[in-house]
Amino acid sequence: MKKILIVLSVFFMLRIGTAFAQGEALRPTDEQLKTILADFDQYSAKAMIDWKVPGMAIGIVRDGKLIFAKGYGVKTLGSDDPVSENTIFQIGSTSKAFTATLAAMLADEGKFKWEDKVLDHVPDFAMYDPWVTREFQVVDLMAQHSGMPGYAADSLYIFGFDRPYIRQAVRHIKPVASFRAKYAYQNGLWLTASAIIEKYTGKTWEEALKERIFEPLGMSDSSADMQSFLNAKDVSSLHAADGDKVIALPKNWEFLDWSYVAGPAGAINSNVMDMAKWLAFQMNDGKANDKQLVSEENMRVIHSPKTIIGLGGKTHENIFYCLGWLYQEHSPYPMVWHNGGTLMKTMVAYVPEQKIGVVVLSNYVTQLPELLAFRFFDLYSGKPARDLSAEGLAELEKTQKEEKEKKPAAPNEPAAPLPLEKYAGNYANDIYGKLNVSVVDGQLTIVIGPRKVKMILKHWDKDIFSINYPIYGVDLDDGFAIFQIDPQGKVTGVNIDPLDQDDDLGVFKRVEEDTVKK
């Protein structure tokens, strides 16, 4: 197989000059495609094992038609229930492209213009800076250049806050960059985008999604709510890391709802059969079943660069954020793609010039879906077949080693803390609201959010405690709680550093009970 691919690569290289000279997109013949698909199939199966991914499914679309669909591995680690092309996965942030497409439909209908001020459509919208609030346009909600820290306050979803609260909490997040000056990935602003969609459709985001996209495209197995995920018969389990091991999470995992609260930023459940229809629709510039659901003009708006992300690693390929999509320079043709991660990992990508696209759905978070998509596009274009999986694993091992070396070591002779009762009490900030610290079984325990998420604090040194955060049902040490003490020895606040994200989002001031924000 390797020798055949080398011969194909030489043949492709000879064709490149001719194809470009004639203005044609480089693409393999049907026979060459069979060889490429066979190699890709074998490579994917082996790479999945190397990355310890329990199961995944892959779909490939060419010229608007599904030419490859296959499941690999199992739905649940330890079971023998195989993944099929119909198995449902959470697709995470690739849901954002659906939200952007709904917005494009409304722009086509004249409900708003992309450059309209958000305040003209959502009067209660606010950012931290009043000037930014006034200048924020509809397009800015989805272009990832708000000036806020990346992934700002995403823990709100885990802690049990609802969409209205999260949408309002954005106004309390201090910027770390000038508006529109720097890329920083956000989820919360997509809730405001959905508020505009809901205003002008008269439907919930989920209802609009079903009526305007799922049904016209025939995506009959897709949904955007937790109950549909739980009720699905052919559905994958979620998996997480427990040290070096991979574990399957129970179907009724207590934090399962977080991605569904995120909704327009990451709630969709789907399989490769339905996602192939979605990909074909995107590749066909908004046309499905001979009907133009979105104008070509507004499809170009959501697919075109809005924000510079940066250089793409060793290849030095510029990457840009569009609206729910990324645009990446690549040889011989640029790619449009987006990934998604809950406790599953998704990659949706296509090359417009070649009319070829790939969907990879997996039930464990790794880089593998992206690497497989890039590998396939290289094979399809006749480029030398790099072992991207092996390169990615080597890079991951290097990164993990560096992180382990940087991990702080507990002091051999830590300074004593105050009596634990001195730290107990109520703390609050404008973003996360109330946080309670109490002494339980001789240890400090934090309770935060409507879900009353518990964090166990273990003494580290003086007024610093490590945080044990059992979100996946396993012991997960995640940063520190650092208590502030005034000159009189009174505890005045606490900094939960995993919530900081480049600013003081994790700083809580001690408050009296009657002043605590509920």
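What's counted below: heavy atoms across the whole structure, side chains too, no hydrogens, waters or symmetry copies.
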- Message: Applying ring-ring contact (aromatic ring centres under 6.0 Å, His included), can you list everything that pairs with His303, at least two apart in sequence or on another chain?
- Response: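 Checked His303 against ring-ring contact (aromatic ring centres under 6.0 Å, His included); matches are Trp325, Tyr350.
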
- Message: Please enumerate all residues that pass ring-ring contact (aromatic ring centres under 6.0 Å, His included) together with Phe255, with sequence neighbours excluded.
- Response: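 Residues passing ring-ring contact (aromatic ring centres under 6.0 Å, His included) with Phe255: Trp253.
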
- Task: Determine the interplanar angle of the Phe374 and Trp337 rings, folded into 0 to 90°, and report it as parallel if under 30°, tilted if 30 to 60°, perpendicular if over 60°.
- Result: perpendicular

- Task: Could you check whether the rings of Tyr185 and Tyr321 sit parallel, tilted or perpendicular, using 30° and 60° as the cut-offs?
- Result: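 Tyr185 vs Tyr321 ring planes: perpendicular.
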
- Tyr43 six-ring centre to Arg375 NZ/CZ under 6.0 Å and within 45° of normal: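 Yes, Arg375 and Tyr43 form such a contact.
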
- Between Tyr260 and Asn269, do the side chains contain an N or O donor and an N or O acceptor separated by less than 3.5 Å?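 On atom types as modelled, these side chains qualify, holding a pair under 3.5 Å.
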
- Establish, from distance only, whether the side-chain atoms of His172 and Tyr432 form a donor-acceptor pair under 3.5 Å.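 Judged by distance alone, the side chains do not pair up.
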
Kindly list each side-chain donor-acceptor pair under 3.5 angstrom involving residues 212-221, sequence neighbours excluded, with atom names and distances?
| unit_1 | atom_1 | unit_2 | atom_2 | d |
| --- | --- | --- | --- | --- |
| Arg212 | NH1 | Glu109 | OE2 | 2.8 |
| Arg212 | NH2 | Glu109 | OE2 | 3.3 |
| Asp221 | OD2 | Asn271 | ND2 | 3.2 |

Report yes or no: does [X] contribute a side-chain atom to a donor-acceptor pair with the main-chain N or O of [Y] at less than 3.5 Å?
{"X": "Asn363", "Y": "Gly55", "result": "yes"}
{"X": "Glu207", "Y": "Thr204", "result": "yes"}
{"X": "Lys306", "Y": "Val301", "result": "yes"}

- Task: Determine whether more than 12 heavy atoms belonging to other residues, nucleotides or ligands lie under 6.0 Å from atom NZ of Lys113.
- Result: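 For Lys113, atom NZ is not crowded (no more than 12 foreign heavy atoms under 6.0 Å).
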
- Listed partners of Ser84 passing side chain to side chain contact (heavy atoms under 4.5 Å, CB included), at least two apart: Asn86, Thr87, Asp234

- Partners meeting side chain to side chain contact (heavy atoms under 4.5 Å, CB included) with Asp120 (sequence neighbours left out):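 Only Lys117 meet the side chain to side chain contact (heavy atoms under 4.5 Å, CB included) criterion with Asp120.
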
- Message: Checking Trp258 now: which residues fulfil side chain to side chain donor-acceptor pair (under 3.5 Å) with it, not counting sequence neighbours?
- Response: none

- Query: Salt bridge between Arg167 and Asp162, side-chain N to carboxylate O under 4.0 Å?
  - Reply: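 No.
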
- Query: How about Phe98 and Trp278: are their ring centroids closer than 6.0 Å?
  - Reply: yes

